[in-house]
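Numbered from 1 within each chain, the chains take letters A, B, ... in sequence-line order. Note: hydrogens, waters and symmetry copies are ignored here, and every other heavy atom, side chains too, is used.
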There are 2 protein chains.
Amino acid sequence: MARATTPTRPPGRPRSGVDDVVFAATLRTVHELGYARATVDRIAAAAGIAKTTIYRRWPSKGALITACLVDAFGPAPLTGATREEILASAIRWAAAKIGEPGIGAAFAGVFTDAVSDPALRRILATELQDPYRLALQEALGEPEHRVLFFIDVVVGSLLHRMGMTGEPMIDDDVDALVDMVLRVLDRT
Amino acid sequence: MARATTPTRPPGRPRSGVDDVVFAATLRTVHELGYARATVDRIAAAAGIAKTTIYRRWPSKGALITACLVDAFGPAPLTGATREEILASAIRWAAAKIGEPGIGAAFAGVFTDAVSDPALRRILATELQDPYRLALQEALGEPEHRVLFFIDVVVGSLLHRMGMTGEPMIDDDVDALVDMVLRVLDRT
DNA sequence: CTAGTATCGATACTTCGAGTAGCGTAATAC
DNA sequence: GTATTACGCTACTCGAAGTATCGATACTAG
């Protein structure tokens, strides 16, 4: 997610474009060592840069992980002809992403940190959740509180499974999740 | 949860029965300061005992919080004439408990810690989840994987709401959660 | 009442990770 | 060249988990 080169480049040495390297190193480290043992020192070492460089770009470990997740999730692929198809594809997409190596553990980790950290909670809500929430409100024509409920159910279920078992939710249960939420959507 | 006085009391000074005091101090501290700032030192001070006494009884902060939650949740009140009524009452009970001051934050906190700590995850699954899972399997006549799915959905949704907003789920959404899960139960 | 045992409180300590400070160096614009 | 900003590096502060030790205390057994 390189910053667009503005016509008026600011003075001084430009930042090296190592964001993607750091993100990859972050997910790899979290995947291999778990969230708690994935210290900023270790992530920096895995990325081959200095720890201070990380703190020059992201103000905290939580912010780093959040930025990493925003990058990893990317834009919402809301595909489908009907509202049902759109919501179903979004749920399957979320399940697949959270199941990728490192992403689920990183997500559960920041989520946990956010519980006791209102500032991080705001970052998480604004940077990560809001884009998908707004896109879903638009695509489904549903009010905010209803989309928030869907997100609580889907993301909460996926993270709870990941947190309690250390493994992503199996496909059969993702199917059940899709069926369950679609049934709620239908009953408008 | 005082230990039953066995006929053959072991030698030495008996433990002071301060478990309940510690549990109350734990929930109060977590409620007032949040999970991260609820250090063992502060919890001990709030309980009026030494930190070392806490570590003589529970091997880690996570184990203390888990024991506190086991005590706070208590036995599962699976009441109701039909399977639907039993499951509905269980969901509402879980929502009410997680909404109590300190409990939701403590739950989300240990849950987070457990993600990166397999030992704590085992304690959490064995001590806190298994009793309710087994009772639900028995009461509902449903297989393990299905009850586990219900637990993922219900607890995951409630914790996600708690974690993202800092506030427990409102009654309207708990109603929606009950409706949604019951609909899955019916479709056997 | 005394001996034995195990818990308590208190203090000090070790360990480790988040985040900061300072400095010399490298890369760019002018 | 100079100015400016990012980099790597080292060293540091701070806070919290968990440990070690020791004198004092509360029991039981005789």
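Here the closest heavy-atom approach between residue A:Trp93 and residue A:Gly74 is recorded as CZ2-O, 4.4 Å. Here the shortest heavy-atom pairing between A:Pro168 and A:Gly99 reads CB-CA, 3.6 Å. Closest non-hydrogen pair, B:Ala176 versus A:Phe149, comes out as CB-CZ, 3.7 Å.
Each of B:Leu140, B:Ile151, B:Val184 was scored for a side-chain contact (heavy atoms from CB on, under 4.5 Å) with B:Arg146, with one residue passing: B:Val184.
Counting heavy-atom neighbours within 6.0 Å of A:Glu138 CD, excluding the residue itself, gives a total of 12 or less.
Scanning residues 32-50 of chain A for heavy-atom distances under 4.0 Å to DNA chain C yields A:Thr39, A:Val40, A:Arg42.
First and last contacting nucleotides of DNA chain C toward chain B (any atom under 4.0 angstrom from a heavy atom, 5' to 3' order): C:dT5 to C:dT11.
Rounded to an integer number of Å, the gap from A:Lys51 NZ to D:dT10 P is 13 Å. Going from atom NZ of A:Lys61 over to atom P of D:dG15 covers 19 Å, rounded to whole Å. Summarising the geometry, the separation between CZ on A:Arg56 and P on D:dG8 is reported as 8 Å, rounded to the nearest angstrom.
Among the heavy atoms of the strands lying under 4.0 Å from B:Thr52 is at least one base atom, whether or not backbone atoms are also near. Contacts of B:Ser60 with the nucleic acid, taken as non-hydrogen atoms under 4.0 Å apart, involve only primed sugar atoms and P, OP1 or OP2.
Within the 4.0 Å cut-off from OP1 or OP2 of D:dA6, not a single side-chain nitrogen or oxygen of A:Arg57 is found.
Remark on DNA chain D: of its neighbouring residues B:Arg13 and A:Pro11, the 5'-side contact belongs to A:Pro11, judged by nearest-heavy-atom nucleotide.
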Donor-acceptor pairs under 3.5 Å, side chain of residues 100-110 of chain A to any protein atom, not counting sequence neighbours: which ones?
none

Show me the side-chain donor-acceptor pairs of residues 120-127 of chain A shorter than 3.5 Å, one per line, residues at least two apart or across chains.
from: A:Arg121; atom 1: NH1; to: A:Val115; atom 2: O; distance (Å): 3.2
from: A:Thr126; atom 1: OG1; to: A:Arg122; atom 2: O; distance (Å): 2.8

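Remark: B:Gln137 engages B:Arg133 in a side chain to side chain donor-acceptor pair (under 3.5 Å) (not counting sequence neighbours).
Comparing the start and finish of the helix from C:dC1-D:dG30 to C:dC30-D:dG1, five pairs each, the helix axis swings through 20°, to the nearest 10 degrees.
Under the 4.5 Å side-chain heavy-atom criterion for ILVMFWY residues, no single connected hydrophobic cluster contains both A:Leu33 and A:Tyr35.
Judged by distance alone, with hydrogens and angles left aside, the side-chain atoms of B:Arg161 form no donor-acceptor pair with the main-chain N or O of A:Asp152 at under 3.5 Å.
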